[in-house]
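What follows is a short report on a single structure.
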Amino acid sequence: MRSYHEDWTDGQRAVYDECHRAGTEWAGDPDTPTEDVQHVINLGQADDDTFADAEIDYPPLVDAVTQATGVTVTSVAASHDDPGFRGFVDGVRDATADEVFGL
């Protein structure tokens, strides 16, 4: 389910949408290891305070944000306020059956 932050601009919502699509496709790819999918789900369930302004350089997430923004990035803010991070983890979660990971 797509979930925008209420203060996002149209551009941020577009980044969220593109990253959501990328996360959904990545998680649905049969070649994506289940451990990797579980890792992203765990990131998505973590509280922002846990991250303490951390940046994540997880390749599928970085690739999704790079494609969505058209700007090469090397890391993404680990925050649910960041449209790239939130879109990707929401997309992964939406593509994953609840019974698979106990969501």
Quick check: closest heavy atoms across Asp31 and Asp29, and the distance to 0.1 Å?
N-OD1, 2.8 Å

Can you find a pair of side-chain heavy atoms, one from Gln38 and one from Ile41, that are under 4.5 Å apart?
yes

When rounded to the nearest 0.5 angstrom, what distance separates CG in Leu43 from CZ in Phe85?
5.0 Å

Arg21: which residues meet the salt bridge (charged side-chain N to carboxylate O under 4.0 Å, His left out) condition with it, sequence neighbours left out?
Glu18, Glu25

Using the rule that Ile, Leu, Val, Met, Phe, Trp and Tyr join whenever any side-chain heavy atoms are under 4.5 Å apart, tell me whether Phe88 and Val37 fall into a single cluster.
yes

Identify the heavy atoms of Pro83 and Gln12 that sit nearest to each other, and give their distance.
CB-O, 3.2 Å

If you look at every heavy atom in Arg13 and His5, which pair is closest and at what distance?
NH2-O, 3.9 Å

Could you pull out all residues at least two apart from Asp81 that satisfy salt bridge (charged side-chain N to carboxylate O under 4.0 Å, His left out)?
none

Within the structure provided, determine whether Thr74 and Asp57 are in side-chain contact (heavy-atom separation under 4.5 Å).
no

Could you walk me through whether Asp17 and Tyr4 pass side-chain hydrogen bond (donor to acceptor under 3.5 Å, both in side chains), step by step?
CA-CA 9 Å; Asp17 289 343; Tyr4 300 126; 2.7 Å; yes

Residues 61-72, side-chain donor-acceptor partners within the protein, below 3.5 Å, at least two apart:
| residue | atom | partner | partner atom | Å |
| --- | --- | --- | --- | --- |
| Thr66 | OG1 | Val62 | O | 3.0 |
| Thr66 | OG1 | Val73 | N | 3.2 |
| Thr69 | OG1 | Val65 | O | 2.8 |
| Thr69 | OG1 | Val71 | N | 3.2 |
| Thr69 | OG1 | Val71 | O | 3.3 |

For the student: nearest non-hydrogen atoms of Arg93 and Gln45, plus distance
NH1-NE2, 3.5 Å

How many angstroms lie between atom CH2 of Trp26 and atom CG of Asp36, to the nearest 0.5 angstrom?
5.0 Å

